[in-house]
Structures are given as structure tokens and as C-alpha cells.
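Below: the structure, in C-alpha cells.
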Amino acid sequence: GAVVSQHPSRVICKSGTSVKIECRSLDFQATTMFWYRQFPKQSLMLMATSNEGSKATYEQGVEKDKFLINHASLTLSTLTVTSAHPEDSSFYICSARTGGDTQYFGPGTRLTVL
Amino acid sequence: AQSVTQLGSHVSVSEGALVLLRCNYSSSVPPYLFWYVQYPNQGLQLLLKYTSAATLVKGINGFEAEFKKSETSFHLTKPSAHMSDAAEYFCAVSVDTGRRALTFGSGTRLQVQP
């Protein structure tokens with residue numbers, strides 16, 4: 001149980017284009033979903049927290065207009081990287097929480113912006 | 001605010017030897033503590049968690065951790081390392097208020113030598 005999926009697993013795009021990453025909780029309803037960013041050989045940095053039906057809460061320094069988060073249902077959250085640039089290349093990981101204390105993580109999405 | 005410090009970015013042990021990965025935390029309120037493992041290009045898998053119940057927590061794959069409030073520590077141990085334990089390990093802390101977002105340590109890469 002408690003499986004979280006992400007799609008796509010890898011994406012390569014040209015600079016200036018937008019990329020959407022989906023995060024789904026497959027066998028539970030997620031009251032809260034989190035989006036993290038991980039640079040090579042570094043730890044995870046929280047980008048934003050989203051709750052179904054409400055606006056996401058962004059961490060300090062994260063551009064809301066660049067990283068659009070939509071939590072459309074209790075099983076789906078999306079992260080859209082708008083007008084992507086090479087510096088946005090990273091490993092993006094989502095997690096979902098049911099209401100308890102444990103977050104379940106997706107397998108991550110490797111974004112490469114050329 | 002809470003924080004986590006993982007001492008040692010790299011730890012190398014021989015197969016069959018004791019594994020000890022160190023984690024110290026800082027929190028103004030009672031913390032929840034977690035250990036996650038990450039294999040290359042994958043998301044995070046929960047190894048174990050402490051949520052104010054028993055101070056000695058047993059997790060998957062033979063790992064365990066002991067919460068020591070006096071030392072603000074939550075070190076991860078395994079009596080006998082296996083080659084498959086080679087991975088990146090993250091200690092994380094959250095609190096039982098608000099978003100319950102996780103704050104991660106910088107990670108420790110465990111190498112297991114044959």
C-alpha cells in the first residue's frame with residue numbers, strides 16, 4: 001500500500017518550453033502533497049506544499065509563477081515548470097501524506113532543459 | 001524551526017560489519033524523526049520512523065534507530081551490512097503542527113565493500 005507514482009520519469013525539453021509533471025497517490029487519498037527538488041549529490045529541498053482544492057504554499061525563494069502547482073483531486077497533484085531554463089534541470093520528487101505523520105515518496109522525475 | 005545534521009557524507013563499511021549512520025536534530029517541540037533510503041535515480045523509501053512511542057524503532061531490511069532525547073540524536077544502525085545496503089540515506093524531522101513538512105539532512109552515502 002501507499003504507492004505514489006510520478007509521470008514522466010524523465011523529460012528533456014528545450015529552453016523556454018513548459019513541462020508538466022504528475023504525481024498520483026495510487027491506493028490512498030492524499031490530503032497533502034509535497035514537491036521537492038534535488039540537485040546532484042545533494043539533499044531534498046522542499047519547494048511547496050499543496051492541499052486539494054486550495055492554493056499551494058511555496059517555500060521562500062521558490063517562484064510561484066515559474067513552478068505552478070495544481071492539486072486537482074485527492075489523488076493528483078501537478079507541477080508545471082514554465083519557461084524552463086537549463087538551471088531548472090534537476091530531479092523533482094513528490095510525496096503524499098494521508099493525514100498521518102508519514103510521507104510516501106514518488107520515484108522522481110529527471111528534468112533536463114537544453 | 002527544526003533542523004537535522006548528518007555527520008559524515010560518506011561511510012564505508014565491509015560486508016558483514018556494523019553500520020552506523022549518525023543523525024542529530026534540533027527542534028523546539030517534540031519531533032517526529034524518519035530515516036529514508038534512496039537508490040540511484042529513485043525516490044525515497046521509508047526505513048523507519050519515530051513518533052513518540054518506543055524510543056528504539058525497528059525498520060525494514062534489518063535497520064533500527066534509537067531516539068535519545070538527551071543527546072538529540074536518532075542514529076541508524078544495522079548489525080551486519082549487506083552489499084544491497086549501498087545507497088544514500090537521509091534523516092528527516094517534522095513536527096506535529098501545521099503542514100508537517102519534512103526537513104532533511106544532507107544525506108550519507110553508504111558504501112559496502114566486499
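A, B, ... follow the sequence lines: proteins, then strands. Residue 1 opens every chain.
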Below 4.5 Å from any heavy atom of chain A, which atoms of [X] appear? Answer side chain, backbone, both or neither.
X        : value
Phe34(B) : side chain
Tyr39(B) : neither
Leu46(B) : side chain

Hey, would you say the Phe67(A) and Tyr58(A) ring centroids sit under 6.0 Å apart?
->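 No; Tyr58(A) has its ring centre 6.0 Å or more from that of Phe67(A).
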Centroid-to-centroid, Tyr50(B) to Tyr25(B), below 6.0 Å?
-> no
Top contributor to chain A contacts, counting heavy-atom pairs under 4.5 Å, from Ser9(B), Gly105(B), Gly107(B) |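 That would be Gly105(B).
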So disulfide (SG to SG under 2.5 Å) across residues 52-114 of chain A, not counting sequence neighbours, yields Cys23(A)-Cys94(A)
Phe104(B) vs Tyr36(A) aromatic rings, parallel, tilted or perpendicular, using cut-offs 30° and 60°?
->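 Judged by the thresholds at 30° and 60°, the geometry between Phe104(B) and Tyr36(A) is perpendicular.
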For chain B, find which of Thr109(A), Ile93(A), Val4(A), Thr102(A) contributes the most heavy-atom pairs closer than 4.5 angstrom.
-> Thr102(A)
Side chains of Gln38(B) and Gln38(A): do they bring a donor and an acceptor to under 3.5 Å?
-> yes
